[in-house]
Amino acid sequence: MPNAYVGNIKNYDGVMTGEMDYVRYRFVGNKPIVDGDYKEKYTYVPLINNNYGNRGDYLWNSNGKSLEDIQQKRKYNKIGKRVMKFYHPSMEYKNYINELGNIDSIDDSKLIEMSLSFDKEYTMNQIQKMLPKDVILNWYWINTLNENDTKTESKVIFDEYDVYGIKVLDKQGHAIINPENKFIKAIMDGKKKNYSETYEKLFDTLSNGKGEINIEDLKIIGVVVSGDVNTLKALKDERYIKAATIGAVVDRD
(Lines give C-alpha, C1' and ligand atoms only; values in the text may rest on other atoms or scores of the structure.)
Protein backbone atom coordinates (compact mmCIF):
# COMPACT_ATOMS: atom_id res chain seq x y z
CA MET A 1 0.00 0.00 0.00
CA PRO A 2 1.16 3.56 -0.63
CA ASN A 3 3.00 5.00 2.37
CA ALA A 4 1.75 2.24 4.70
CA TYR A 5 3.94 0.13 6.98
CA VAL A 6 3.39 -2.82 9.30
CA GLY A 7 4.53 -2.04 12.83
CA ASN A 8 4.73 -4.28 15.91
CA ILE A 9 3.27 -7.77 15.38
CA LYS A 10 1.95 -10.27 17.90
CA ASN A 11 1.43 -13.86 16.79
CA TYR A 12 -0.84 -16.35 18.54
CA ASP A 13 -0.19 -19.81 17.10
CA GLY A 14 -2.66 -22.66 17.49
CA VAL A 15 -2.47 -26.27 16.31
CA MET A 16 -3.53 -25.64 12.69
CA THR A 17 -4.42 -21.96 12.76
CA GLY A 18 -3.14 -18.75 14.25
CA GLU A 19 -3.84 -15.07 14.65
CA MET A 20 -1.68 -12.06 13.92
CA ASP A 21 -2.28 -8.65 15.52
CA TYR A 22 -0.39 -5.67 14.15
CA VAL A 23 -0.30 -1.89 13.94
CA ARG A 24 -0.17 -0.10 10.59
CA TYR A 25 1.41 3.36 10.33
CA ARG A 26 2.36 6.08 7.84
CA PHE A 27 4.80 8.96 7.50
CA VAL A 28 3.23 12.38 6.99
CA GLY A 29 6.02 14.88 6.59
CA ASN A 30 8.61 13.56 9.02
CA LYS A 31 5.98 12.40 11.50
CA PRO A 32 4.90 8.75 11.93
CA ILE A 33 1.15 8.35 12.57
CA VAL A 34 -0.86 5.27 13.53
CA ASP A 35 -3.11 4.02 10.72
CA GLY A 36 -5.10 1.53 12.78
CA ASP A 37 -4.87 -1.79 14.63
CA TYR A 38 -5.50 -4.88 12.52
CA LYS A 39 -6.09 -8.57 13.13
CA GLU A 40 -5.60 -11.42 10.66
CA LYS A 41 -6.28 -15.12 11.11
CA TYR A 42 -4.42 -17.76 9.15
CA THR A 43 -4.19 -21.52 8.70
CA TYR A 44 -1.26 -23.84 8.11
CA VAL A 45 -3.26 -26.14 5.83
CA PRO A 46 -1.76 -25.43 2.36
CA LEU A 47 -4.93 -25.97 0.32
CA ILE A 48 -6.89 -23.38 2.23
CA ASN A 49 -4.04 -21.15 3.36
CA ASN A 50 -5.29 -17.59 3.26
CA ASN A 51 -5.58 -14.58 5.54
CA TYR A 52 -9.10 -14.02 6.77
CA GLY A 53 -10.97 -12.29 9.56
CA ASN A 54 -10.28 -8.66 8.63
CA ARG A 55 -12.41 -8.20 5.53
CA GLY A 56 -13.51 -4.76 4.42
CA ASP A 57 -11.11 -1.85 4.11
CA TYR A 58 -13.58 1.00 4.48
CA LEU A 59 -15.39 2.67 7.36
CA TRP A 60 -18.67 2.14 5.46
CA ASN A 61 -19.79 0.87 2.05
CA SER A 62 -20.50 3.62 -0.49
CA ASN A 63 -23.73 3.69 -2.48
CA GLY A 64 -24.51 5.57 -5.69
CA LYS A 65 -26.55 5.68 -8.86
CA SER A 66 -23.70 4.27 -10.97
CA LEU A 67 -20.25 2.71 -10.61
CA GLU A 68 -18.65 6.01 -11.60
CA ASP A 69 -20.70 7.82 -8.98
CA ILE A 70 -19.52 5.40 -6.30
CA GLN A 71 -15.89 5.68 -7.41
CA GLN A 72 -15.96 9.47 -7.27
CA LYS A 73 -17.15 9.53 -3.66
CA ARG A 74 -14.53 10.05 -0.98
CA LYS A 75 -13.95 6.96 1.17
CA TYR A 76 -12.48 6.53 4.63
CA ASN A 77 -10.58 3.70 6.24
CA LYS A 78 -11.43 2.09 9.55
CA ILE A 79 -9.94 4.89 11.66
CA GLY A 80 -11.45 7.67 9.55
CA LYS A 81 -8.45 8.54 7.34
CA ARG A 82 -9.35 9.57 3.82
CA VAL A 83 -8.54 6.86 1.29
CA MET A 84 -6.43 8.32 -1.51
CA LYS A 85 -7.50 7.90 -5.14
CA PHE A 86 -5.42 7.37 -8.28
CA TYR A 87 -6.29 8.16 -11.92
CA HIS A 88 -4.50 6.20 -14.65
CA PRO A 89 -3.13 8.45 -17.46
CA SER A 90 -4.24 6.02 -20.19
CA MET A 91 -7.88 6.30 -19.13
CA GLU A 92 -10.19 9.23 -19.79
CA TYR A 93 -12.43 10.32 -16.93
CA LYS A 94 -15.38 12.70 -16.98
CA ASN A 95 -14.22 14.30 -13.75
CA TYR A 96 -10.92 14.49 -11.92
CA ILE A 97 -10.64 15.24 -8.22
CA ASN A 98 -7.96 17.85 -7.60
CA GLU A 99 -7.81 18.79 -3.95
CA LEU A 100 -4.73 20.96 -4.29
CA GLY A 101 -7.21 23.81 -4.53
CA ASN A 102 -8.48 22.94 -1.03
CA ILE A 103 -5.11 23.34 0.67
CA ASP A 104 -5.67 27.03 1.39
CA SER A 105 -8.56 26.12 3.69
CA ILE A 106 -6.37 23.85 5.84
CA ASP A 107 -4.65 25.33 8.89
CA ASP A 108 -0.94 26.10 8.47
CA SER A 109 -0.14 23.95 11.50
CA LYS A 110 -1.16 20.74 9.70
CA LEU A 111 0.84 18.12 7.81
CA ILE A 112 -0.82 16.53 4.77
CA GLU A 113 -0.49 13.26 2.88
CA MET A 114 -1.54 13.51 -0.77
CA SER A 115 -1.75 11.33 -3.89
CA LEU A 116 -0.78 12.87 -7.23
CA SER A 117 -1.85 11.27 -10.52
CA PHE A 118 0.22 12.27 -13.54
CA ASP A 119 -0.69 13.11 -17.13
CA LYS A 120 1.68 10.44 -18.55
CA GLU A 121 4.51 8.09 -17.66
CA TYR A 122 7.74 9.45 -16.20
CA THR A 123 11.05 8.03 -14.99
CA MET A 124 12.18 8.28 -11.39
CA ASN A 125 14.90 10.76 -12.36
CA GLN A 126 12.38 12.99 -14.12
CA ILE A 127 10.08 13.04 -11.10
CA GLN A 128 12.90 13.93 -8.71
CA LYS A 129 13.58 17.00 -10.86
CA MET A 130 9.89 17.87 -11.31
CA LEU A 131 8.79 17.95 -7.68
CA PRO A 132 9.45 21.11 -5.62
CA LYS A 133 12.51 20.51 -3.45
CA ASP A 134 10.83 20.70 -0.03
CA VAL A 135 8.00 18.29 -0.88
CA ILE A 136 8.62 14.90 0.74
CA LEU A 137 8.31 12.02 -1.71
CA ASN A 138 6.89 8.95 0.05
CA TRP A 139 5.97 6.52 -2.72
CA TYR A 140 6.03 5.96 -6.53
CA TRP A 141 2.99 4.57 -8.34
CA ILE A 142 4.21 2.07 -10.97
CA ASN A 143 2.22 1.44 -14.12
CA THR A 144 1.46 -2.28 -13.75
CA LEU A 145 -1.32 -2.39 -16.37
CA ASN A 146 -0.81 -3.40 -19.97
CA GLU A 147 -2.81 -2.08 -22.93
CA ASN A 148 -5.47 -4.78 -22.62
CA ASP A 149 -5.91 -4.02 -18.93
CA THR A 150 -6.53 -0.34 -19.56
CA LYS A 151 -9.15 -1.18 -22.17
CA THR A 152 -10.88 -3.73 -19.93
CA GLU A 153 -10.79 -1.51 -16.87
CA SER A 154 -11.72 1.67 -18.73
CA LYS A 155 -12.38 4.65 -16.44
CA VAL A 156 -11.60 2.78 -13.22
CA ILE A 157 -10.59 5.12 -10.39
CA PHE A 158 -8.15 3.21 -8.21
CA ASP A 159 -8.05 3.36 -4.42
CA GLU A 160 -4.85 3.09 -2.43
CA TYR A 161 -5.70 -0.60 -1.87
CA ASP A 162 -5.60 -1.29 -5.62
CA VAL A 163 -2.23 0.06 -6.74
CA TYR A 164 1.39 -1.13 -6.67
CA GLY A 165 4.52 0.90 -6.27
CA ILE A 166 7.82 1.69 -4.61
CA LYS A 167 8.30 2.97 -1.08
CA VAL A 168 10.93 5.70 -0.91
CA LEU A 169 11.28 5.57 2.89
CA ASP A 170 12.13 2.62 5.11
CA LYS A 171 10.21 1.64 8.26
CA GLN A 172 12.04 4.29 10.28
CA GLY A 173 11.37 7.09 7.80
CA HIS A 174 14.87 7.16 6.31
CA ALA A 175 15.45 7.39 2.56
CA ILE A 176 16.03 4.01 0.89
CA ILE A 177 19.05 3.80 -1.42
CA ASN A 178 17.99 2.47 -4.84
CA PRO A 179 14.42 1.60 -3.77
CA GLU A 180 13.63 0.35 -7.29
CA ASN A 181 15.93 -2.63 -6.73
CA LYS A 182 13.99 -3.64 -3.61
CA PHE A 183 10.74 -3.45 -5.60
CA ILE A 184 12.08 -5.70 -8.35
CA LYS A 185 13.48 -8.15 -5.79
CA ALA A 186 10.13 -8.28 -3.98
CA ILE A 187 8.40 -9.34 -7.21
CA MET A 188 11.01 -11.98 -7.97
CA ASP A 189 10.81 -13.37 -4.41
CA GLY A 190 6.99 -13.27 -4.46
CA LYS A 191 6.88 -15.48 -7.55
CA LYS A 192 8.35 -18.30 -5.49
CA LYS A 193 5.77 -18.15 -2.70
CA ASN A 194 2.28 -19.61 -2.32
CA TYR A 195 0.74 -16.28 -3.27
CA SER A 196 2.65 -16.14 -6.56
CA GLU A 197 -0.30 -15.39 -8.89
CA THR A 198 -0.23 -11.63 -8.23
CA TYR A 199 3.54 -11.48 -8.55
CA GLU A 200 3.50 -13.56 -11.74
CA LYS A 201 1.15 -11.02 -13.33
CA LEU A 202 3.30 -8.12 -12.19
CA PHE A 203 6.40 -9.81 -13.57
CA ASP A 204 4.78 -10.64 -16.91
CA THR A 205 3.53 -7.07 -17.38
CA LEU A 206 6.69 -5.27 -16.30
CA SER A 207 9.17 -7.61 -18.03
CA ASN A 208 7.17 -7.44 -21.29
CA GLY A 209 8.38 -10.87 -22.39
CA LYS A 210 12.09 -10.20 -21.76
CA GLY A 211 12.40 -12.67 -18.88
CA GLU A 212 13.62 -9.98 -16.49
CA ILE A 213 12.57 -6.60 -15.09
CA ASN A 214 14.92 -3.70 -15.68
CA ILE A 215 14.81 -0.29 -14.03
CA GLU A 216 13.80 1.16 -17.41
CA ASP A 217 10.60 -0.94 -17.24
CA LEU A 218 9.40 0.93 -14.16
CA LYS A 219 7.19 3.73 -15.49
CA ILE A 220 5.91 6.14 -12.86
CA ILE A 221 2.35 7.43 -13.29
CA GLY A 222 1.81 8.99 -9.87
CA VAL A 223 3.24 9.49 -6.41
CA VAL A 224 2.31 10.00 -2.79
CA VAL A 225 3.87 13.08 -1.24
CA SER A 226 3.57 14.81 2.11
CA GLY A 227 4.53 18.00 3.85
CA ASP A 228 3.15 21.09 5.49
CA VAL A 229 0.48 23.27 3.91
CA ASN A 230 2.83 25.96 2.61
CA THR A 231 5.18 23.41 1.04
CA LEU A 232 2.42 21.56 -0.83
CA LYS A 233 1.01 24.82 -2.21
CA ALA A 234 3.97 24.81 -4.63
CA LEU A 235 2.27 21.92 -6.48
CA LYS A 236 -0.92 23.85 -7.33
CA ASP A 237 0.12 25.07 -10.79
CA GLU A 238 2.09 22.01 -11.94
CA ARG A 239 0.59 20.93 -15.27
CA TYR A 240 1.80 17.33 -15.05
CA ILE A 241 -0.68 16.71 -12.19
CA LYS A 242 -4.05 15.48 -13.50
CA ALA A 243 -5.59 14.67 -10.11
CA ALA A 244 -4.73 15.04 -6.44
CA THR A 245 -6.48 13.65 -3.37
CA ILE A 246 -5.79 14.30 0.30
CA GLY A 247 -5.10 11.37 2.61
CA ALA A 248 -4.09 11.85 6.23
CA VAL A 249 -4.15 15.33 7.79
CA VAL A 250 -2.39 15.61 11.16
CA ASP A 251 -1.02 18.21 13.55
CA ARG A 252 2.59 19.17 12.94
CA ASP A 253 3.54 18.67 16.61
Side-chain angles (χ1 to χ4, degrees), residues 1-62 74-86 110-115 136 138-142 144 158-176 179 182-183 185-202 224-226 245-253:
M1 286 180 60
N3 191 30
Y5 301 81
V6 174
N8 288 332
I9 300 174
K10 291 183 179 179
N11 287 318
Y12 304 94
D13 276 339
V15 178
M16 297 298 293
T17 63
E19 184 175 274
M20 176 176 65
D21 294 351
Y22 64 94
V23 176
R24 197 168 70 202
Y25 65 98
R26 296 171 181 268
F27 289 102
V28 184
N30 57 2
K31 182 177 182 177
I33 64 164
V34 173
D35 196 29
D37 296 311
Y38 296 85
K39 182 178 296 185
E40 305 283 355
K41 294 182 179 180
Y42 54 87
T43 173
Y44 290 108
V45 181
L47 292 178
I48 59 173
N49 192 14
N50 193 12
N51 282 354
Y52 62 98
N54 196 43
R55 300 301 185 186
D57 297 312
Y58 307 106
L59 195 58
W60 65 75
N61 293 324
S62 298
R74 292 313 312 266
K75 298 177 182 177
Y76 299 83
N77 73 4
K78 292 180 178 181
I79 65 164
K81 185 197 83 73
R82 293 176 181 174
V83 174
M84 294 178 289
K85 293 180 179 293
F86 296 84
K110 301 294 185 181
L111 297 171
I112 303 171
E113 173 194 49
M114 177 168 278
S115 70
I136 295 176
N138 295 79
W139 182 83
Y140 293 103
W141 180 21
I142 303 296
T144 58
F158 299 92
D159 281 349
E160 59 187 50
Y161 302 108
D162 306 320
V163 290
Y164 298 95
I166 300 174
K167 285 184 172 65
V168 180
L169 306 178
D170 65 18
K171 287 191 171 186
Q172 297 183 3
H174 302 140
I176 299 174
K182 292 177 68 70
F183 177 76
K185 184 178 185 301
I187 294 175
M188 301 306 296
D189 290 345
K191 288 178 60 184
K192 305 171 186 177
K193 304 289 178 66
N194 292 335
Y195 41 84
S196 62
E197 183 177 348
T198 297
Y199 290 92
E200 286 282 1
K201 187 177 188 305
L202 290 172
V224 169
V225 297
S226 62
T245 63
I246 293 173
V249 179
V250 298
D251 292 329
R252 187 197 302 266
D253 300 319

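Side chains included, hydrogens not; waters and symmetry mates left out as well; all remaining heavy atoms used. Given the structure is predicted, the values throughout are model-derived calculations rather than measurements.
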I want to check something: taking the side chain as every heavy atom from C-beta on, are [X] and [Y] in contact at a cut-off of under 4.5 Å?
X      : Y      : result
Leu169 : Ile176 : no
Met84  : Met114 : no
Thr198 : Tyr164 : yes
Tyr25  : Lys171 : yes
Val224 : Phe86  : yes

Notebook entry, point to check: Between Asn3 and Glu113, does any side-chain donor sit less than 3.5 Å from a side-chain acceptor?
Noted result: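 Result is yes, a qualifying pair exists.
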*Do Asp35 and Asn77 get their side chains close enough for a donor-acceptor pair, meaning under 3.5 Å?*
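Yes, side-chain donor-acceptor contact under 3.5 Å.
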So, the side chain of [X] versus the backbone of [Y]: is there a donor-acceptor pair under 3.5 Å, distance only?
X      : Y      : answer
Lys31  : Asp251 : yes
Asn138 : Ser226 : yes
Asp159 : Tyr161 : no
Arg74  : Ile246 : yes

Let me confirm one number: the [atom1]-[atom2] distance from [X] to [Y], rounded to the nearest 0.5 Å.
X      : Y      : atom1 : atom2 : result
Tyr12  : Thr17  : OH    : OG1   : 14.0 Å
Ile9   : Tyr22  : CD1   : OH    : 8.5 Å
Met1   : Trp139 : CE    : CH2   : 9.5 Å
Leu111 : Ile33  : CG    : CD1   : 9.0 Å
Lys182 : Asp170 : NZ    : CG    : 8.5 Å
Lys201 : Ile187 : NZ    : CD1   : 11.5 Å

Testing the basics here: between [X] and [Y], what is the closest heavy-atom pair and its distance to 0.1 Å?
X     : Y      : value
Val28 : Ala248 : CG2-CB, 4.0 Å
Pro2  : Val163 : CG-CG2, 3.8 Å
Phe27 : Pro32  : CE2-CB, 3.8 Å
Lys78 : Tyr38  : CD-CE2, 4.4 Å
Tyr76 : Arg82  : CE2-CG, 3.5 Å

Quickly, which of Glu19, Lys10, Met20 forms a side-chain contact (heavy atoms from CB on, under 4.5 Å) with Lys39? Name it, please.
->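 The side-chain contact (heavy atoms from CB on, under 4.5 Å) with Lys39 is passed solely by Glu19 among Glu19, Lys10, Met20.
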Tell me, please, whether Tyr5 has Lys167 positioned over its six-membered ring: NZ or CZ under 6.0 Å from the ring centre and within 45 degrees of its axis?
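Cation-pi check for Lys167 and Tyr5: passes.
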Looking at Lys75 and Glu160, does any basic side-chain N land under 4.0 Å from a carboxylate oxygen?
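Judged by the 4.0 Å cut-off on N to carboxylate O distance, Lys75 and Glu160 do not form a salt bridge.
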Legend entry - Check against side-chain contact (heavy atoms from CB on, under 4.5 Å), Asp21 and Asp37: CA-CA 7 Å; Asp21 294 351; Asp37 296 311; over 6 Å; no
| If you count the non-hydrogen atoms of other residues, nucleotides and ligands that lie under 6.0 Å from CG in Asn11, is the total more than 12? |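 More than 12 heavy atoms, drawn from other residues, nucleotides or ligands, come within 6.0 Å of this atom.
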